[in-house]
Amino acid sequence: MICVLTGGTGGAKFVDGLRQVMPAEEITLVVNTGDDLLWWGLYVSPDIDSITYVLSGMLSRERGWGVKGDTFLCLQAMGQLGEPTWFHTGDRDLAVHLLRSRLLAEGKTLSEATSIVCGKLGVKACILPMSNSRVETRVDTPVGELSFEEYFVQRWYQDPVNAVRFAGASDAEAAPGVIDAIVSADAVLIAPSNPVTSIGPILAVPGIREALHGARGKIAAVSPIVGSAPVAGPAGILMAAQGLPCSIAGVAQAYEDFLDILVCDTRDARAADALRKSGLRVQCTQTIMRSSDDKAALARNVLSLVAANVVSDQPQARTASDQP
Ligand code: GDP
């Protein structure tokens with residue numbers, strides 16, 4: 001069993017690779033819900049949706065979000081009614097938001113609603129929201145504090161960022177199955193997602209970092225930073241706001257209390273050498289995922305790196321005292 005911590009488009013691409021090279025039934029995904037929002041009164045969970053669409057074969061690969069071939073008639077009609085249209089939801093995508101919102105209104109948890117939607121769409125992997133409690137990523141900027149989607153989608157991540165916080169995290173609980181999936185997995189993979197706003201909210205849920213410290217399997221992260229810049233998006237700006245350098249060293253620092261292996265791009269070979277001196281295992285491979293084959297190759301490489309490191313290692317427990 002493999003457990004993947006994931007969020008956003010980088011994570012969706014990586015999971016698209018994993019599903020090609022291993023049985024979906026053996027994958028549990030712990031997904032960021034810090035970007036969730038109420039849109040037109042509906043509960044939208046962008047990262048859960050992307051992963052659900054990847055695993056059901058519905059994702060639009062061109063956009064990296066939403067349903068392939070979707071139409072946007074409702075969006076157009078809402079615009080005509082004077083409603084906000086900055087967050088794009090296609091018509092088929094809306095059907096999922098409608099169903100989820102109805103299930104939540106009937107008293108189901110987000111975990112239960114996710115499982116029902118996945119069942120209807122034929123998803124065989126287990127998709128778990130990080131928490132059933134509301135944890136909201138808030139981005140502090142000179143124009144005020146914004147939700148992640150306001151910062152990222154509405155305002156095109158143009159605002160300088162002072163700080164990021166995860167409102168509600170300290171009172172949240174990991175969703176059922178999350179801790180057990182992390183602790184008991186043969187390997188835990190951290191997808192090449194934004195370390196601050198996609199993986200950060202997951203790590204902010206009480207108990208999840210501790211579960212990573214006690215994980216039975218190796219923990220490997222794929223760097224979303226290639227050649228000292230994110231492949232896409234605001235990861236560099238957000239990492240800087242958290243005091244992290246925008247480099248593979250910054251990614252390693254974000255995960256330093258539990259990470260066994262950092263997988264980075266061959267372009268970062270020199271930075272990898274420097275990082276190895278700190279004692280971290282760093283493996284370089286091709287990590288840019290343009291085609292389906294790239295995604296499968298990266299997934300295969302990461303799985304074999306983890307397997308090779310299991311064979312070469314003595315069992316070793318991570319403890320909270322390993323923390324810096
Ligand atoms: P956001 O766009 O910053 O909100 O971050 P997401 O968590 O949605 O995922 C985008 C992250 O994935 C960015 O930090 C990208 O650098 C990373 N990413 C996207 N495509 C690739 C890829 O092909 N390879 C690698 N290594 N990272 C990628």
Side-chain angles (χ1 to χ4, degrees), residues 4-18 29-37 45-51 53-54 59 61-66 87 130 137-139 146-159 161 164 166 189-203 220-242 244-248 250-252 254-255 262-268 271-272 282-299 301-302 305:
V4 187
L5 272 49
T6 182
T9 53
K13 283 161 81 177
F14 182 65
V15 172
D16 204 1
L18 276 177
L29 302 116
V30 176
V31 183
N32 170 43
T33 58
D35 302 357
D36 291 10
L37 71 161
S45 190
D47 289 357
I48 288 191
D49 290 334
S50 294
I51 292 298
Y53 296 150
V54 164
L59 185 80
R61 289 198 173 120
E62 297 81 60
R63 288 196 303 270
W65 55 268
F87 188 79
M130 64 190 200
T137 300
R138 306 286 303 171
V139 184
L146 305 171
S147 72
F148 182 75
E149 296 301 345
E150 285 165 340
Y151 163 75
F152 185 69
V153 181
Q154 187 179 21
R155 298 178 62 86
W156 293 80
Y157 52 95
Q158 297 301 308
D159 301 290
V161 175
V164 176
F166 307 114
L189 308 180
I190 319 267
S193 303
N194 187 321
V196 178
T197 48
S198 289
I199 304 299
I202 302 177
L203 300 179
V222 181
S223 175
I225 305 295
V226 174
S228 296
V231 178
I237 302 162
L238 295 164
M239 287 172 78
Q242 300 289 82
L244 297 167
C246 178
S247 62
I248 60 165
V251 178
Y255 306 144
L262 179 67
V263 180
C264 65
D265 200 83
T266 42
R267 267 179 248 185
D268 289 299
V282 187
Q283 307 274 1
C284 297
T285 186
Q286 164 64 257
T287 69
I288 299 291
M289 297 171 279
R290 288 196 188 89
S291 65
S292 229
D293 287 350
D294 294 341
K295 292 171 191 164
L298 178 59
N301 281 338
V302 172
L305 285 172

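We count ligands from 1, going down the list as the structure has it; atoms in each ligand are counted the same way.
Considering only residues two or more places apart in sequence or on other chains, F166 meets the ring pair (Phe, Tyr, Trp, His ring centres under 6.0 Å) condition with none of them. Residues that satisfy the salt bridge (Lys or Arg N to Asp or Glu O under 4.0 Å) test with R63, not counting sequence neighbours, are absent from this structure. Under the side-chain hydrogen bond (donor to acceptor under 3.5 Å, both in side chains) criterion, R267 pairs with no residue at all, not counting sequence neighbours.
A side chain to side chain contact (heavy atoms under 4.5 Å, CB included) with L238 is found for exactly one of T137, L244, N194, namely N194.
Taking 4.0 Å as the cut-off between side-chain N and carboxylate O, D294 and R290 do not count as a salt-bridged pair.
Note: Y157 and F152 have parallel aromatic rings, judged against thresholds of 30 and 60 degrees for the angle between ring planes.
Around ligand 1 you find G7, G8, T9, G10, K13, F148, F152, P192, S193, N194, S198, S223, P224, P230, V231, A232, P234, A235, T287, I288, M289, each with a heavy-atom distance below 4.0 Å.
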